[in-house]
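Counting starts at 1 for both ligands and their atoms, in listed order. These numbers come from a predicted model, not from an experiment.
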Amino acid sequence: MHGGIEHKFGVLFVCLGNICRSPMAEGAFRAAAQARELACTLDSAGTASYHLGSAPDPRAIAVAQRHGIDIAGQAARQVERDDFYRYSHIIAMDRANLETLRTRAPRNATARLAMLMDVVEGQRGQPVADPYYGDDAAFETAWQVINRGVDGWIEKLLREAAQQSA
Ligand code: 4NP
């Protein structure tokens, strides 16, 4: 704790399988939030159930590791009803993920739904392309794209926290 009023955000990152993009986003965001002293609860989940309980894809683990971040301990899970109340922000990797979330959101859900790249200048509505069927270069590209989105969200949430305490 760093004194002053604590603003606790809850951010859930969502992709299709929860083994590639959203685990990378969770890992990248955790490191960035720690560096910027942004207090938050983080997790990731998939809209699909193909990989329940699985660790991230080895290629996702490898690219994160190359950038100094360990995501190997994550386990895939599916988005569930409580997520729409437990998290303040649910951040989808692509349009299909966002549409699935909108379909599943309870009517009185409190979480705000958005896409990762919405907060990056000129990238509103753009997806993080799925690297699952790609090569190592596709994972490196996804990592770079995800980190631009993560940085944008960190800045946005830091601004929101400052406004709340003003
Ligand atoms: P992710 O990538 O949504 O970024 O985790 C995928 C992982 C698995 C599958 C599709 C995308 N799959 O079809 O099994």
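Annotation for E155: atom CD counts as buried by contact number, over 12 foreign heavy atoms lying within 6.0 Å. Residue Y85 qualifies as enclosed at atom OH: its count of foreign heavy atoms under 6.0 Å is above 12. Heavy-atom contacts from other residues, nucleotides or ligands closer than 6.0 Å to CZ of R104 number more than 12.
Below 4.0 Å from some heavy atom of D130 lie the following atoms of ligand 1, by number and element: 2 (O), 4 (O), 6 (C), 10 (C), 11 (C). Which parts of ligand 1 touch Y133 is read off a 4.0 Å heavy-atom cut-off, strictly below it: atoms 13 (O). Of all atoms in ligand 1, listed by their number and element, those nearer than 4.0 Å to a heavy atom of C15 are 1 (P), 3 (O), 4 (O), 5 (O). Atoms of ligand 1 lying under 4.0 Å from any heavy atom of L16, numbered from 1 in the order shown and given with element: 3 (O), 10 (C), 11 (C).
Residue C20 has at least one N or O atom closer than 3.5 Å to an N or O atom of ligand 1. Considering backbone and side-chain atoms alike, N18 places an N or O below 3.5 Å from some N or O of ligand 1. Taking distance alone, with nitrogen or oxygen atoms compared against 3.5 Å, I19 approaches ligand 1 more closely than that limit.
Side-chain contact check for I91 versus V14: every heavy-atom pair is 4.5 Å or farther apart.
Each of T41, L42, D83 was evaluated against L12; a single residue qualifies, D83, per the side-chain contact (heavy atoms from CB on, under 4.5 Å) test.
Rounding to the nearest 0.5 Å places CG of D57 at 12.0 Å from CZ of R21.
Within the 4.0 Å heavy-atom cutoff, H51 counts among the residues contacting ligand 1.
Using the six-membered ring where Trp is involved, Y132 and H51 have ring planes that are perpendicular, over 60° apart on the 30 and 60° scheme.
The closest heavy-atom contact to atom 9 (C) of ligand 1, among the options F13, F139, Y132, comes from Y132.
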